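Below you'll find the structure, written out as structure tokens, and then a few comments.
Note: hydrogens, waters and symmetry copies are ignored here, and every other heavy atom, side chains too, is used. Given the structure is predicted, the values throughout are model-derived calculations rather than measurements.
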Amino acid sequence: PAVPSRSSRDTDAATKASTLALLLLNANRLLPKSVAARLSDWIRPPFGRRAAIARFARFLADLLEAGVGTSDALRIAGYCVQRARLRRAAWSMANEIEAAGPRRQYSKVSPLTASVCHALSAPMPLEARVHLLREVSACHAERVRVGLSWTKGLVEPAAICVVGIAVGL
């Protein structure tokens, strides 16, 4: 039998690696919807929950500042974030708010952080609530930025090495 050349082995390995990467990136779409909803937090990029909470808190602050009711703002922000667990938690809290009325003592819903739940349940003026949600959003966005900052120091030299090896071969 003929021995495959080195370039065909490299091409084959690169094809397998890119196929695996595409499968992992699209795994959420390839699975049945019921399974994908359960696994949505695990088949996501790193820091996905923190980034989602940052977007959720920012959307919620914008909606509340625009005069949208709390329960409607929760539902809209949950829908905009496009994460199944966060959407269900936002809808659950919105239903609890509608059922409880002006009581303002709501239970913490697990995908939502305690600070978001506090911002919604604490007796404070609307401006303070919006400001607190914006600070929560900024805090989570900063955590994502800091969590990914190490990649600059690792990815750039690795990319230079890979390009150097590719040019050298």
*In Å, rounded to the nearest 0.5 Å, how long is the span from SG of C117 to CD of E96?*
9.0 Å

*Would R58 and V136 satisfy side-chain contact (heavy atoms from CB on, under 4.5 Å), going step by step from the backbone distance to the final call?*
CA-CA 8 Å; R58 188 176 61 243; V136 168; over 6 Å; no

*Apply salt bridge (charged side-chain N to carboxylate O under 4.0 Å, His left out) to E135 and list each qualifying residue two or more places apart in sequence or on a separate chain.*
none

*Closest contact, heavy atoms only, V144 versus A51*: CG2-N, 3.6 Å

_Distance-minimising heavy-atom pair for E98 and S71_ = OE2-OG, 3.2 Å

Please report, to 0.1 Å, the donor-acceptor pairs under 3.5 Å made by any side chain of residues 59-69, with sequence neighbours excluded.
from: D62; atom 1: OD1; to: R134; atom 2: NH1; distance (Å): 2.8
from: D62; atom 1: OD1; to: R134; atom 2: NH2; distance (Å): 3.1
from: E65; atom 1: OE1; to: R134; atom 2: NH2; distance (Å): 2.5

_Minimal non-hydrogen separation, L133 against A57, with atom names_ = O-CB, 3.5 Å

_For W91, the rest of its hydrophobic cluster, which grows through side-chain links under 4.5 angstrom_ = none

*asked:* Using the side-chain hydrogen bond (donor to acceptor under 3.5 Å, both in side chains) criterion, which residues pair with N95? Sequence neighbours excluded.
replied: R75

*M124 and R129: which non-hydrogen atoms are nearest, and at how many Å?*
O-NH2, 3.1 Å

*asked:* Can you list everything that forms a side-chain contact (heavy atoms from CB on, under 4.5 Å) with A138? Sequence neighbours excluded, please.
replied: none

*Tracing side-chain links under 4.5 Å among I, L, V, M, F, W and Y, which residues wind up in one group with V162?*
none

*Got a sec, which residues hit side-chain hydrogen bond (donor to acceptor under 3.5 Å, both in side chains) with S137, two or more places apart in sequence or on another chain?*
none

*Answer whether the closest heavy-atom distance between the side chains of L74 and F56 falls below 4.5 Å.*
yes

*Give a yes or no on whether Y79 and V116 share a hydrophobic cluster (residues Ile, Leu, Val, Met, Phe, Trp, Tyr; joining criterion: side-chain heavy atoms under 4.5 Å apart).*
no

